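Fair warning: this is a prediction, and the values are worked out from it, not measured in the lab.
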Amino acid sequence: MSNFLKPEAFGLDISDRSLRIAKLEKKKEDLRLASFGEAKIPPGIIEEGKVEKIENLAEIIKKSLKEVKGKRIKTKYVISSLPEEKSFLDVLQLPVLKEEEIEKAIRFQIENYIPLNLEEVYFDFEKIHSVGRQKKYQEVLIAATPKKIVDSYLESLKQADLRPLALEVECLAIVRALIKKNSVTGPLLIIDFGETRTTFIIFSGTSLRFTSTIPISSQILTKSISKSLKINLRKAEELKIKEGLLGKKEIFEAMVPSLTDLVEQIRTHLKYYHSHASKSQILHDGKRLEKILLCGGGANLKGLINFLSSSLKIKVELANPWANILKEKVKELPELPFEKSLGYTTALGLALRGARENS
């Protein structure tokens with residue numbers, strides 16, 4: 001008899017320059033946001049996904065937990081993110097095997113997919129449910145992160161007096177937040193436009209298929225305005241938020257080179273995906289990718305959706321981080337305003353895992 005509840009956990013999204021906290025609670029059969037908060041992380045503490053100053057990060061986490069909005073977080077259990085750019089994700093095709101044989105087969109093949117020895121990484125996997133006719137092979141999604149990276153996050157959480165139930169690569173949390181549970185989805189590209197980097201996630205059928213991270217970011221746009229107009233970064237950030245791509249011509253022109261680069265990167269990744277998808281027969285019902293979802297704090301840039309849509313000739317829309325939390329009939333805004341919640345997509349996805357594993 002094992003019907004005991006697992007401890008309740010909150011989601012903690014840690015990136016190079018900020019962290020975000022989200023905790024969900026059950027209200028009858030529904031979920032609701034119970035607690036949320038965020039904090040800036042000064043440069044030098046985390047660089048390119050690697051924790052350089054463990055004690056400093058632990059202090060920021062402890063302080064942030066005391067300052068959350070909503071209910072005070074009493075649990076010590078957390079589900080935290082791992083950096084996308086330091087992790088490796090891929091889809092393996094294996095023969096149809098018994099459950100206990102899958103891990104052995106993955107161990108045998110995984111080093112062909114990652115540039116590290118198996119002893120140097122922690123890895124996990126999940127079976128992909130096949131869509132349509134039965135295939136002659138089993139697809140498995142693998143995720144691997146270097147042990148030295150994972151251990152630095154684990155130590156930071158330990159020093160913050162927290163107990164991690166799981167650490168998860170960001171893109172898996174993003175997908176959990178944005179893709180309706182138990183749905184089968186035509187190919188779509190999710191773009192997480194963050195402060196220091198942008199992540200591309202291609203999702204098709206019932207699973208993530210491909211991820212990539214590039215250094216073009218919301219912060220790069222701010223720096224471009226600062227350099228072009230010869231103003232400080234704070235003023236440049238204010239102008240970027242106020243004007244976006246729809247305001248003063250000189251601000252738009254300052255951002256155009258980076259945005260053009262972003263468009264070219266998207267085109268390159270779409271081309272790569274389509275060429276590989278057709279070879280490996282993973283295009284859902286033979287469809288090409290026809291939609292892009294935008295999330296991350298940078299997704300709110302005024303005019304960005306129209307700029308990308310007209311440049312790429314693909315439908316682009318803001319993602320909905322509440323897709324698996326709020327019922328469609330709920331019309332009022334949640335406690336966290338929608339525009340701000342786009343930056344909480346990963347934290348909400350992590351919090352969803354905490355809520356589901358506790359139910």
Side-chain angles (χ1 to χ4, degrees), residues 1-15 18-41 45-46 51 53-83 122 124 126 143 145 149-178 181 321-327 330 334-337 340-341 343-359:
M1 190 171 152
S2 59
N3 63 344
F4 65 92
L5 287 178
K6 291 186 179 180
E8 59 176 12
F10 65 93
L12 175 61
D13 171 28
I14 304 171
S15 58
S18 63
L19 66 79
R20 290 183 173 90
I21 295 163
K23 184 173 183 297
L24 301 173
E25 65 179 11
K26 290 204 90 172
K27 192 125 181 173
K28 295 181 181 175
E29 293 305 307
D30 296 337
L31 288 170
R32 66 183 291 274
L33 184 65
S35 321
F36 67 96
E38 62 185 296
K40 291 287 183 189
I41 297 177
I45 294 176
I46 304 175
V51 183
K53 297 178 180 176
I54 288 170
E55 297 84 0
N56 299 60
L57 179 58
E59 285 305 313
I60 293 170
I61 293 170
K62 286 197 280 191
K63 186 171 184 289
S64 303
L65 284 168
K66 289 175 184 171
E67 295 173 354
V68 292
K69 295 180 174 67
K71 293 186 178 179
R72 186 166 69 89
I73 294 178
K74 297 176 183 177
T75 180
K76 295 289 184 185
Y77 291 96
V78 62
I79 295 178
S80 186
S81 64
L82 288 172
Y122 295 113
D124 202 356
E126 63 179 36
T145 307
I149 298 294
V150 176
D151 290 345
S152 70
Y153 283 84
L154 284 172
E155 184 59 31
S156 300
L157 295 171
K158 182 182 173 184
Q159 290 195 22
D161 197 24
L162 294 175
R163 298 174 191 173
L165 286 185
L167 272 70
E168 182 171 72
V169 182
E170 289 165 331
C171 61
L172 297 172
I174 289 169
V175 162
R176 186 182 301 108
L178 302 184
K181 190 182 177 187
W322 305 98
N324 291 298
I325 299 171
L326 298 178
K327 289 189 172 175
V330 177
E335 298 88 332
L336 184 62
K340 202 167 184 181
S341 72
Y344 275 78
T345 303
T346 302
L348 290 169
L350 295 165
L352 261 171
R353 177 168 174 174
R356 285 177 185 172
E357 292 194 355
N358 188 41
S359 61

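- By the side chain to side chain donor-acceptor pair (under 3.5 Å) test, Lys71 is found to be paired with Glu25, residues two or more places apart in sequence or in another chain being considered.
- Legend: residues meeting salt bridge (charged side-chain N to carboxylate O under 4.0 Å, His left out) with Glu155, ordered by chain and number and at least two apart, are absent.
- A search for side-chain contact (heavy atoms from CB on, under 4.5 Å) contacts involving Asn324 returns Lys180, Lys181, Leu352, Arg356, not counting sequence neighbours.
- Between atom CD1 of residue Ile60 and atom NZ of residue Lys53 there is a gap of 10.0 Å, rounded to the nearest 0.5 Å.
- Here the shortest heavy-atom pairing between Thr75 and Ala9 reads CG2-CA, 4.4 Å.
- Contacts of Ser156 classified as side-chain contact (heavy atoms from CB on, under 4.5 Å), with partners at least two apart in sequence or in another chain: Val51, Ile54, Leu57.
- For the atom pair NZ (Lys69) and CD1 (Ile21), the distance works out to 10.5 Å, reported to the nearest 0.5 Å.
- Residues meeting the side chain to side chain donor-acceptor pair (under 3.5 Å) test with Tyr153, sequence neighbours left out: none.
- Lys74 has no carboxylate O lying under 4.0 Å from a charged side-chain N of Glu8, or vice versa, which leaves the two without a salt bridge.
- The minimum heavy-atom distance linking Ala22 with Ala351 is given by the pair O-CB, 3.4 Å.
- Rounding to the nearest 0.5 Å places OG1 of Thr346 at 8.5 Å from CG of Leu178.
- Between Ile41 and Ile14 the shortest side-chain heavy-atom distance falls below 4.5 Å.
- When side chains are defined from C-beta on, Phe10 does not count as touching Ser35, because their heavy atoms never get closer than 4.5 Å.
- Applying the side-chain contact (heavy atoms from CB on, under 4.5 Å) criterion to Asp151, with sequence neighbours excluded, gives Tyr122, Lys147, Leu154.
- Counting heavy atoms from C-beta on, the side chains of Leu348 and Phe36 never come closer than 4.5 Å.
- Evaluation of the side-chain contact (heavy atoms from CB on, under 4.5 Å) rule for Ser18 yields Ser15, Arg20, Glu195 as partners, not counting sequence neighbours.
- Between Ile61 and Val78, every side-chain heavy-atom pair lies at or beyond the 4.5 Å cut-off.
- For Lys158, there are no salt bridge (charged side-chain N to carboxylate O under 4.0 Å, His left out) partners two or more places apart in sequence or in a different chain.
- Summarising the geometry of Ala58 relative to Gln159, their closest heavy-atom pair is CB-CB, 3.7 Å, with the distance given to 0.1 Å.
- Atom CG in Asp30 sits 12.0 Å away from atom CG in Leu24 (nearest 0.5 Å).
- Across all their heavy atoms, Lys26 and Leu31 have their closest contact at CG-CD2, 3.9 Å.
- A pairwise comparison of heavy atoms in Ala39 and Ser64 identifies CB-OG, 3.2 Å as the closest pair.
- Under the rule for a side chain to side chain donor-acceptor pair (under 3.5 Å), the partners of Ser81 that lie at least two apart in sequence or sit in another chain are Asp13.
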Less than 3.5 Å apart, which donor and acceptor atoms pair up between the side chains of residues 161-168 and the rest of the protein, not counting sequence neighbours?
residue : atom : partner : partner atom : Å
Asp161  : OD2  : Lys76   : NZ           : 3.1
Arg163  : NH1  : Tyr77   : OH           : 3.4
Glu168  : OE1  : Arg176  : NH1          : 2.8
Glu168  : OE1  : Arg176  : NH2          : 3.3
Glu168  : OE2  : Arg176  : NH2          : 2.6
Glu168  : OE2  : Arg353  : NH1          : 2.9

